[in-house]
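What follows is one structure encoded as structure tokens, with my remarks underneath.
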Amino acid sequence: MLLARLAQVSREVAATSARSRKTALLAELFRETDPDDVPVVIPYLAGRLPQGRIGIGWKVLSRPVAPAGEPGLTVREVDARLTELAGVSGTGSQAERSRLVGELLGAATGDEQRFLFGLLTGEVRQGALDAVAVEGLAQATGAPPAGVRRAVMLAGSLQTVAEALLADGPPALARFRLTVGRPVLPMLAHSASSVAEAVQKLGAAAVEEKLDGIRVQAHRDGDTVRLYTRTLDDITDRLPEVTAAVRGLPGGRFVLDGEVISLDPGGRPRSFQETAGRVGSRADVATAARAVPVSPVFFDALSVAGRDLLDLPLAERHAELARLVPEPMRVRRTLVAGPQDVAAAEEFLAETLDRGHEGVVVKGVEAAYSAGRRGASWLKVKPVHTLDLVVLAAEWGHGRRTGKLSNLHLGARAADGSFAMLGKTFKGMTDAMLAWQTERLGALAVREHGWGVTVRPELVVEIAYDGLQRSSRYPAGVTLRFARVVRYREDKRPEDADTVQTLLAAHPEVTAP
DNA sequence: TTCCGACAGTGGGGTCGCAAT
DNA sequence: ATTGCGACCCCACTATCGGAA
């Protein structure tokens, strides 16, 4: 199949807003795909490379290359070239990679170049990724969509399921079962603004500690242990102490879901930055492990002794977990019968925060494990802080925000009367707010840049955030975590905005360097 | 008919590893 | 030694479609 055909379908998918039409377009393409091309065509139309990320980003792609006049590239040829690109490493490889990318783009028409650009940056922006591709695959093969979705979650790979389905038809779905050693897409949580709201929605629930660490899925089969992240990356080699802890558990064959976090000698959590830095370290693992040891804390069991637990209610999965994993390696939790127990849930949240943790996750006790989904039966509750800050600048948006001032630079008052930038945010704005702030900030602009405008520091905006963290980028030495706009405060003047000093005082656990 | 679940998009900060400077 | 880039951790929120209620 020609790459031009994929680029054309991608453009058509992007051009329609109806999801049903997007699905139909993908299904049509999948039906006409030669079996040999399936391992490439399916991921491409889901906006991903079968090789995963291959080290090519915006910078390398920003050099323009004259497009070819006629389309001639086949998807298999593109795939072969990208495999070669992914394999190039060692001294001088950067130049070689640039050359190979240039060569590939030079063989592509303008339309194909745009599609390749999207694939390589991971931003195809066609309004259809995995979920729509799964739907299209179901339609093309006559398999039930729910069955395809489930197989993809269990295989942790759309490509694998697509190959099996297009080769053998719907019966192939039966082959995909939870297998120890093969990671499953993890279940995710929604947010709730309070435990009362969460308990109201869920009824009988478990209220679990939410640890601010890295999600981990542990697979053990005898002496073999493998650890996977939320995106199913294998991080076993980076976490020897976790591997040892899992090997020390009594069961011989199981899959557990949990979090790894670094605790200080007093048992209080180290900052997320420290835990994440440790988990990200591959070079000298032994040294990193001595400096920042991490512990696993499990909260779910997906498989025990060859028995698949995914469809069982949380209560039963947790009973299996409790049989296998002793308390310090198991998440702290409390059970509530329903809204009448809100006070107990709130007390548990308060205790959890006192111990230095992030918040709680409230989970319906009857709910199955919805692999790969943001299930409505897991609701996280974290305290939210707010501040009044001043807009210092704004950046032009992209995609559907093109032409709108979108990303705000936020400042707090400093001791000398100036404003110290604390971070940026693009979150929380409705379309109406985007239009309004584009107008308003345009009027306040003192300087135009390619990226946006700097403005007179006069507009006050209420910002919600999850906490403070150290920063080497911003002048105050700190930045806001997950900042988002709540509302504009036109009733406030910049002199009324919060100060760096009060912000630091509100978060004594974070000390600016 | 209205409501709501699921998705995609729009980007945020930090840290590590690697190559270039 | 420092800097820049890319990958990958954490993530919030809004708009939209389409099925459920």
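Here is the naming used below: chain letters follow the sequence lines, and residue numbers restart at 1 for every chain. Scope of the values below: all heavy atoms of this structure, side chains included, with no hydrogens, waters or symmetry mates.
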Spacing of A:Leu410 atom CG and A:Thr479 atom OG1 [to the nearest 0.5 Å]: 9.0 Å
Nearest-nucleotide comparison on DNA chain C, the residue closer to the 5′ end among A:Gly55 and A:Arg484: A:Gly55
Phosphate-side-chain proximity, A:Thr231 and C:dC9, N/O vs OP1/OP2 below 4.0 Å: yes
Base paired to B:dC7 (Watson-Crick or G-U; both N/O distances under 3.5 angstrom): none
N/O (side chain, A:Lys59) to phosphate O (OP1/OP2, C:dC5) under 4.0 Å: yes
Touch class at under 4.0 angstrom, heavy-atom based, for A:Val279 against every strand present: nothing
A:Trp58 CH2 - B:dT10 C1' separation (whole Å): 12 Å
Of the listed nucleotides B:dA8, B:dA20, C:dC10, the one nearest the side chain of A:Arg481: C:dC10
OP1 or OP2 of B:dT10 under 4.0 Å from side-chain N/O of A:Ser406: no
Phosphate OP1/OP2 of C:dA12: any A:Lys382 side-chain N/O under 4.0 Å: yes
Sugar-phosphate only, base, or nothing, as touched by A:Ala483 at under 4.0 Å among non-hydrogen atoms: nothing
Cationic tip of A:Arg481 above A:Phe272 ring, under 6.0 Å, 45° of axis: yes
Check: A:Asp388 main-chain N/O paired with A:Asp498 side-chain donor or acceptor under 3.5 Å: yes
Separation of C:dG4 C1' from A:Gln94 CD (nearest whole Å): 10 Å
A:Thr16 (side chain) donor-acceptor with A:Val13 (main chain) under 3.5 angstrom: no
Residue-phosphate contact under 4.0 Å: A:Arg53 side-chain N/O, C:dG6 OP1/OP2: no
CD (A:Glu509) with more than 12 external heavy atoms under 6.0 Å: yes
Note: A:Glu395-A:Lys424 ion pair, threshold 4.0 Å (strictly below): yes
Nearest listed nucleotide, side chain of A:Phe482, among C:dA12, B:dA8, C:dC17: C:dA12
Verdict with supporting geometry, A:Gln8 and A:Glu12, side chain to side chain donor-acceptor pair (under 3.5 Å): CA-CA 6 Å; A:Gln8 178 205 349; A:Glu12 285 171 12; 3.0 Å; yes
Within 45° cone and under 6.0 Å: A:Lys363 NZ/CZ vs A:Phe299 ring: yes
Short side-chain N/O contact from A:Arg125 to OP1 or OP2 of B:dT10, under 4.0 Å: yes
Sugar-phosphate only, base, or nothing, as touched by A:Val132 at under 4.0 Å among non-hydrogen atoms: sugar-phosphate
Minimum-distance nucleotide (side-chain atoms of A:Arg230 versus C:dG18, C:dC10, C:dA12): C:dC10
Sugar-phosphate, base or nothing in reach of A:Lys201, heavy atoms under 4.0 Å: nothing
Among B:dC7, C:dC8, B:dT10, the one nearest A:Arg400 by side-chain distance: B:dT10
A:Gln126 CD - B:dC7 C1' separation (whole Å): 13 Å
Touch class at under 4.0 angstrom, heavy-atom based, for A:Gly52 against every strand present: nothing
Proximity to the side chain of A:Arg19 - top-ranked nucleotide from C:dA15, C:dC11, B:dC7: B:dC7
Phosphate-side-chain proximity, A:Lys22 and B:dA8, N/O vs OP1/OP2 below 4.0 Å: no
Distance test, side-chain N/O of A:His398 to OP1/OP2 of B:dG9, below 4.0 Å: no
A:Lys210 side chain, from C-beta outward: closest of C:dC11, C:dA7, C:dA15: C:dC11
A:Phe426 CZ - B:dG11 P separation (whole Å): 7 Å
A:Ser10 vs A:Gln126, side chain to side chain donor-acceptor pair (under 3.5 Å): CA-CA, chis, key distance, verdict: CA-CA 6 Å; A:Ser10 174; A:Gln126 60 184 14; 2.7 Å; yes
Sugar-phosphate, base or nothing in reach of A:Asp212, heavy atoms under 4.0 Å: nothing
Check: A:Gly156 main-chain N/O paired with A:Thr160 side-chain donor or acceptor under 3.5 Å: no
A:Thr425 side chain near B:dG11 phosphate (N/O to OP1/OP2, under 4.0 Å): no
5' priority, DNA chain C, between A:Met429 and A:Thr229 [closest heavy atom]: A:Thr229
Touch class at under 4.0 angstrom, heavy-atom based, for A:Leu120 against every strand present: nothing
Side-chain N or O of A:Asn407 closer than 4.0 Å to phosphate OP1/OP2 of B:dT10: no
Enclosure of A:Gln501 CD (heavy-atom neighbours >12, cutoff 6.0 Å): no
Touch class at under 4.0 angstrom, heavy-atom based, for A:Glu123 against every strand present: nothing
Interatomic distance where CD1 belongs to A:Ile463 and P belongs to C:dA12 [whole Å]: 15 Å
Review item, nucleotides 13-16 of chain B N/O atoms under 3.5 Å of protein N/O:
{"unit_1": "B:dG13", "atom_1": "OP1", "unit_2": "A:Tyr474", "atom_2": "OH", "d": "2.4"}
{"unit_1": "B:dG14", "atom_1": "OP1", "unit_2": "A:Arg470", "atom_2": "O", "d": "3.4"}
{"unit_1": "B:dG14", "atom_1": "OP1", "unit_2": "A:Ser471", "atom_2": "OG", "d": "2.6"}
{"unit_1": "B:dG14", "atom_1": "OP2", "unit_2": "A:Arg473", "atom_2": "NE", "d": "3.1"}
{"unit_1": "B:dG14", "atom_1": "O3'", "unit_2": "A:Gln273", "atom_2": "NE2", "d": "2.9"}
{"unit_1": "B:dC16", "atom_1": "O3'", "unit_2": "A:Gly280", "atom_2": "O", "d": "3.4"}

Sugar-phosphate only, base, or nothing, as touched by A:Thr275 at under 4.0 Å among non-hydrogen atoms: nothing
A:Glu135 CD to B:dG5 C1', straight-line distance once rounded to whole Å: 14 Å
Sugar-phosphate only, base, or nothing, as touched by A:Lys404 at under 4.0 Å among non-hydrogen atoms: nothing
Whole angstrom value for the distance that separates C1' of C:dC8 from CZ of A:Arg48: 15 Å
Integer-rounded Å distance: C:dA12 P and A:Leu408 CG: 19 Å
Listed nucleotide nearest any side-chain atom of A:Ser93, set B:dA19, B:dC7, B:dA8: B:dA19
